[in-house]
Student: 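I am attaching a structure below and will ask some questions about it afterwards.
For the numbers below, each heavy atom of this structure counts, side chains included, while hydrogens, waters and symmetry mates do not. Numbers restart at 1 for each chain; the letters A, B, ... are given by sequence-line order, proteins then strands.
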Number of protein chains: 2
Amino acid sequence: MSIQGRRERERAEREQLIVTAARELAEAEGWDAVTTRRLAAEIEYSQPVLYSHFKGKDAIMAAVAVQGFAEMAAELRAARAAVEGTRESLTAVAEAYTSFGRRRPALYDAMFTHRVDLPFATQEAPKALWAAFGELLQAVEPTVTGDDDPGTLTETFWAGLHGLVTLMRSGRLPEEAHETRLALLVGHFTTP
Amino acid sequence: MSIQGRRERERAEREQLIVTAARELAEAEGWDAVTTRRLAAEIEYSQPVLYSHFKGKDAIMAAVAVQGFAEMAAELRAARAAVEGTRESLTAVAEAYTSFGRRRPALYDAMFTHRVDLPFATQEAPKALWAAFGELLQAVEPTVTGDDDPGTLTETFWAGLHGLVTLMRSGRLPEEAHETRLALLVGHFTTP
DNA sequence: ACAGATTGGCTAGCACTGCTAGAATCCAGA
DNA sequence: TCTGGATTCTAGCAGTGCTAGCCAATCTGT
């Protein structure tokens, strides 16, 4: 029992090692630099070891993404907790979201841009993902008027934030007007 | 004179051949299927010929993207011309935009998702790109209230549309509520 | 009409990618 | 101490974008 227990523990540790190494490498040099060879060298194991833990490179990215969801949820929660009022909450969360996307581009890509076979809008979606969405939801919900569905409204607001982040990061939107655009988005989602 | 003229003409024709072949292949099987070898086979030339026309694969994608901008501009213009009223225009353009993104995913990716070194928010941006943005602008402009800058407001609205398209296409948003989300977005950008 | 220069396209190959089969090694249990 | 089974590694496959250098067809000047 104990021997097998130790083995499984070591295995789990190594799996974590892979994920954090992939994440650090991606954040430092972008996902293009995260090759299986490079990653294997980083964790000081041979390449095939990666495939005994993950089905492929995409699965590793997915694991990194899940880590990212948890962190983003925490940051959104902190931002919301720091202010009061519906408009202030929405602004705070929106700023926290876009700030996360700009500060951690590689992480953000793994979470929201890269094609990855994680379940999203279903029950089986990772808990951390629901947590992040829940933070957005709690900030958006108080702005609901009429019989709009809060969930759908949150999705729409989220899409706005996501569009701002990705278009800006790929050079399609100039960085300088970011604050203005964010204010406009929040303004149009909060009836005055 | 005439000989050189014919040569340049043939060259231009072959360049167009490359772009349309790349586009068709991408739309049929996705950008992953567009390899330099496959593309070369499609146009019945050898691989290196591609590099005498374009700096690399990214440059080919950029050329496809520019084609896409022109088409999108035309579709947006048609959508806007078919209706009257500010809210109706905005709805029509928004629907045309997201419809384009869903109907031509590969084209859309080349235009708005793939990292490509095209100038965007500067004077040197392709004319077709300005045309597409101009269509959005003309639909958004009438909704401006106060002293908001129409250009920045259009960028924000565009971000919303882009977010909806990309998140839905990557499976992050369920398809079924798309119409509802689109209506919500338009609704929040037109004060009743 | 012919020799030489030039252009253009091709063959072959480089360095790299994600991934895997099979050999080699290690290590718990007898 | 030996053995069987799991684990990890070496070596290699098929594919990628891209390029050097050869070879032939074409144009130019005599």
Student: dG18(C) C1' sits how many Å from Trp31(A) CH2, rounded?
Tutor: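 Value for this atom pair: 15 Å.
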Student: Give the rounded distance in Å between these two atoms: NZ of Lys55(B) and P of dT19(D).
Tutor: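 Between P of dT19(D) and NZ of Lys55(B): 10 Å.
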Student: When you check the phosphate oxygens OP1 and OP2 of dC18(D), does a side-chain N or O of Thr36(B) lie under 4.0 Å from one of them?
Tutor: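 No.
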Student: Could you give the NZ-to-P distance, from Lys57(A) to dT20(C), as a whole number of Å?
Tutor: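 Checked: the NZ to P distance equals 15 Å.
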Student: May I have the distance from Glu15(A) (atom CD) to dT8(D) (atom P), rounded to whole angstrom?
Tutor: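 The answer, rounded to whole Å, is 13 Å.
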Student: Given atom CD1 of Ile43(A) and atom P of dT7(D), what is their separation to the nearest angstrom?
Tutor: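 Value for this atom pair: 16 Å.
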Student: Does Arg14(A) make a side-chain N or O approach to OP1 or OP2 of dT7(D) shorter than 4.0 Å?
Tutor: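 It does not, given that no N or O in the side chain of Arg14(A) lies less than 4.0 Å from OP1 or OP2 of dT7(D).
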Student: To the nearest Å, how far apart are Leu50(B) CG and dC18(D) P?
Tutor: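 After rounding, the reported distance stands at 10 Å.
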Student: Charged N to carboxylate O below 4.0 Å: is that the case for Glu29(B) and Arg38(B)?
Tutor: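 Counted as a salt bridge, because a side-chain N and a carboxylate O are separated by less than 4.0 Å.
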Student: For Asp58(B), is there an ion pair with Arg115(B) - N to carboxylate O distance below 4.0 angstrom?
Tutor: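 So Arg115(B) does not pair with Asp58(B) through a salt bridge.
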Student: Yes or no on salt bridge (Lys or Arg N to Asp or Glu O under 4.0 Å) for Arg23(B) and Glu27(B), after CA distance, side-chain angles and deciding distance?
Tutor: CA-CA 6 Å; Arg23(B) 182 204 164 139; Glu27(B) 292 198 300; 3.3 Å; yes
Student: Taking OP1 and OP2 of dT16(D), is either one under 4.0 Å from a side-chain nitrogen or oxygen of Thr35(B)?
Tutor: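 Result: yes.
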Student: Between Met61(B) (CE) and dC18(D) (P), how many Å, whole number?
Tutor: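 After rounding, the gap between these two atoms is 12 Å.
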Student: So, His162(B) versus Tyr108(B): side-chain donor-acceptor pair below 3.5 Å or not?
Tutor: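 Their side chains do contain a donor-acceptor pair, which is all the 3.5 Å distance test asks for.
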Student: dC18(D), dC19(C), dG9(C): which one has an atom nearest the side-chain heavy atoms of Arg37(A)?
Tutor: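 In terms of side-chain proximity for Arg37(A), the closest of dC18(D), dC19(C), dG9(C) is dC19(C).
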Student: Counting only side-chain heavy atoms from C-beta out, which of dT20(C), dC18(D), dG12(D) sits nearest to Pro48(A)?
Tutor: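 For Pro48(A), the side-chain atoms sit closest to dT20(C).
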Student: Starting from C1' on dC9(D), measure out to OH on Tyr45(A) and report it in whole angstrom.
Tutor: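 Those two atoms, OH and C1', are 12 Å apart.
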Student: Name the closest nucleotide to the Tyr51(A) side chain, picking from dT17(C), dT20(C), dC9(D).
Tutor: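 In terms of side-chain proximity for Tyr51(A), the closest of dT17(C), dT20(C), dC9(D) is dT20(C).
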Student: Measuring from the side chain of Gln47(A) (C-beta onward, heavy atoms only), which nucleotide among dT17(C), dA11(D), dA12(C) has the closest atom?
Tutor: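 Output: dA11(D).
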Student: Assess, by modelled atom type and distance only, whether the side chains of Ser170(B) and Arg172(B) contain a donor and an acceptor separated by less than 3.5 Å.
Tutor: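 Their side chains do contain a donor-acceptor pair, which is all the 3.5 Å distance test asks for.
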